[in-house]
Amino acid sequence: MDDCLFCKIIRGEIPSAKVFENDDVFAFKDINPQAPVHVLIVPKKHVANALEGADAGIMDGLMRAAAQIAREQGLAENGFRLITNCGRDGAQSVNHLHFHLLGGKQLPERMA
Ligand code: DGP
């Protein structure tokens with residue numbers, strides 16, 4: 001997708017603080033972190049969100065990457081939050097599927 005922000009980050013056209021990459025997944029620090037660790041985990045294949053085209057292969061790759069990144073970021077002992085926003089009510093602002101990995105502090109119990 002030529003105009004997609006996260007596709008441009010994956011291609012290296014926009015700089016990012018990369019924390020993980022394999023053939024299918026790219027992960028980088030959120031530009032506006034909401035926790036000491038706030039990483040965005042995205043499929044390299046452009047998928048708009050959790051409603052559109054996120055097949056089992058993509059989801060498996062994202063979940064495996066999330067677990068590896070969580071361990072590497074020191075979150076395995078105390079835990080973390082892994083969420084994806086979808087659409088208007090979900091407050092999705094970038095239309096490329098991504099999971100937020102949040103941790104490094106006690107997160108609030110309420111999510112909404
Ligand atoms: P969401 O609201 O769930 O679509 O999350 C989009 C996230 O993307 C938001 O937390 C801020 C982050 N973000 C937006 N633009 C950039 C950027 O240019 N670089 C990085 N690293 N993160 C960005």
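Both ligands and their constituent atoms are indexed starting at 1 by order of listing. This is a predicted model, so every value here is computed, not measured.
- When only interatomic distances are considered, the shortest N/O to N/O separation between His100 and ligand 1 falls below 3.5 Å.
- Numbered from 1 in the order shown, with element, the atoms of ligand 1 that lie under 4.0 Å from a heavy atom of Phe28 read 20 (C), 21 (N).
- For atom 5 (O) of ligand 1, the nearest non-hydrogen atom of the protein is His98 NE2, 3.1 Å.
- Taking atom 21 (N) of ligand 1 as the reference point, the nearest protein heavy-atom neighbour is Lys29 O, 2.9 Å.
- Residues Phe6 and Phe26 place their aromatic rings such that the two centres sit no closer than 6.0 Å.
- Less than 4.0 angstrom separates some heavy atom of Phe6 from each of these atoms of ligand 1: 8 (O).
- Remark: distances from the non-hydrogen atoms of Ile9 to ligand 1 include one below 4.0 Å.
- Partner Leu82 forms a side chain to side chain contact (heavy atoms under 4.5 Å, CB included) with one of Val39, Leu102, Ile41 and no other, that one being Ile41.
- Those atoms of ligand 1 with a heavy atom of Val94 less than 4.0 angstrom away are 4 (O), 6 (C).
- The line from CZ of Phe28 to CD1 of Ile69 is 10.5 Å long, rounded to the nearest 0.5 Å.
- Contact annotation: the side chain of Ile10 approaches that of His96 to within less than 4.5 Å [non-hydrogen atoms, C-beta and beyond].
- Atoms of ligand 1 lying under 4.0 Å from any heavy atom of Ser93, numbered from 1 in the order shown and given with element: 1 (P), 2 (O), 4 (O), 5 (O), 6 (C).
- The ligand atoms of ligand 1 that sit less than 4.0 angstrom from a heavy atom of Gln92 are 4 (O).
- Counting only heavy atoms of the protein, atom 13 (N) of ligand 1 lies nearest to Ile31 CG2, 3.7 Å.
- The closest protein non-hydrogen atom to atom 15 (N) of ligand 1 is Leu5 CD2, 3.3 Å.
- In this structure the side chain of Pro43 reaches within 4.5 angstrom of the side chain of Leu62, judged on heavy atoms.
- With hydrogens left out, the protein atom closest to atom 9 (C) of ligand 1 is Asp30 OD2, 3.3 Å, a heavy atom.
- Closest non-hydrogen pair, Val19 versus Lys29, comes out as CG1-CG, 4.0 Å.
- Between the CD atom in Gln92 and the CG atom in Asn49 there is a gap of 4.5 Å [rounded to 0.5 Å].
- Here His38 contributes atom NE2 and Ile31 contributes atom CD1; the two are 11.5 Å apart, rounded to the nearest 0.5 Å.
- Aromatic rings from His100 and His98 are positioned such that their centres are separated by under 6.0 Å.
- Contact annotation: Ala91 has at least one heavy atom less than 4.0 Å from an atom of ligand 1.
- Ligand-side atoms of ligand 1 in range of Asn85: 1 (P), 2 (O), 3 (O), range being under 4.0 angstrom from any heavy atom.
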